[in-house]
Amino acid sequence: MRVLKYAILGLLYRQEYSGYDITSQFKQEIGQFWSAKHSQIYPELRKLVDEGLIEFRTQIQGEKLEKKMYTITDNGRQELLAWASQPEPLPETEKDEFMLKMYFIHTLSLAEARALFEDQLQQRRAKLADLQQRYEELMPVFVSEEDKENHSDGTKGNQASDKVSPLQFSNPHLGHYLVLSKALAREQSYVDWLERHVKLFL
Ligand code: FER
């Protein structure tokens, strides 16, 4: 399935973007949880135009530079909704090469096993810290307008440490919040598991 097709339609669902904007979105945001080959984006845009799912207008930039600004068509919106509303089967088992090494842990000496395990713990902690930082940066947009009004005096709520979902379905950042909070939960659980077992190697 051309999942990239839906990722592009999803981006264009809310607003107009240039090919460059779409590539940036993949680098900065979507690419954090959905890897795509950036070289595939322009061919995919061309295909979507041919299929009538998106269209573009040419915008003049400066003296002679032109850029294509893409928008979704009604057909594109329909295809996106047909895809997004479909129940999603579980993905194939995730390939975590570290876990394969764990399965074969007895190929290593105790010291080698400890080094491998501790290195993984360090990397997972760093990743968790990055995600936590991202979450705190985004906290202001994750808080509903209603909550902002209620707590504008700063007496309670709106702390990044409030890990309860402050969002309503109507919040346009709900999707981002869901993806990011899932990543946080996953990394926290990975770190917890590593910390619980590191003593096996001491
Ligand atoms: C983000 C930063 C990180 C984000 C997602 C991630 C959607 C990570 C996701 C993952 O590791 O699964 O802003 O936004």
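Start at 1 and go down the list; that is how both ligands and their atoms are numbered.
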- Item | Residues in contact with ligand 1, criterion: heavy atom under 4.0 Å | Glu29, Gln32, Phe33, Leu131, Arg134, His176, Val179, Leu180, Ala183, Arg186

- Item | From Arg134 atom CZ to Leu131 atom CG, the distance as rounded to the nearest 0.5 Å | 10.0 Å

- Hey, are Asp192 and Gln188 close enough side-chain-wise for a donor-acceptor pair under 3.5 Å? yes

- Message: Can you tell me how the ring of Phe98 sits relative to the ring of Tyr190, calling it parallel under 30°, perpendicular over 60° and tilted otherwise?
- Response: tilted

- Item | His197 and Trp193 aromatic ring geometry - parallel, tilted or perpendicular at 30°/60° bounds | tilted

- Which atom of Leu128 lies closest to which atom of Val191, heavy atoms considered: CD2-CG2, 4.1 Å

- Under 4.5 Å side-chain linkage, directly or through intermediates, the cluster mates of Phe104: Leu100, Tyr103

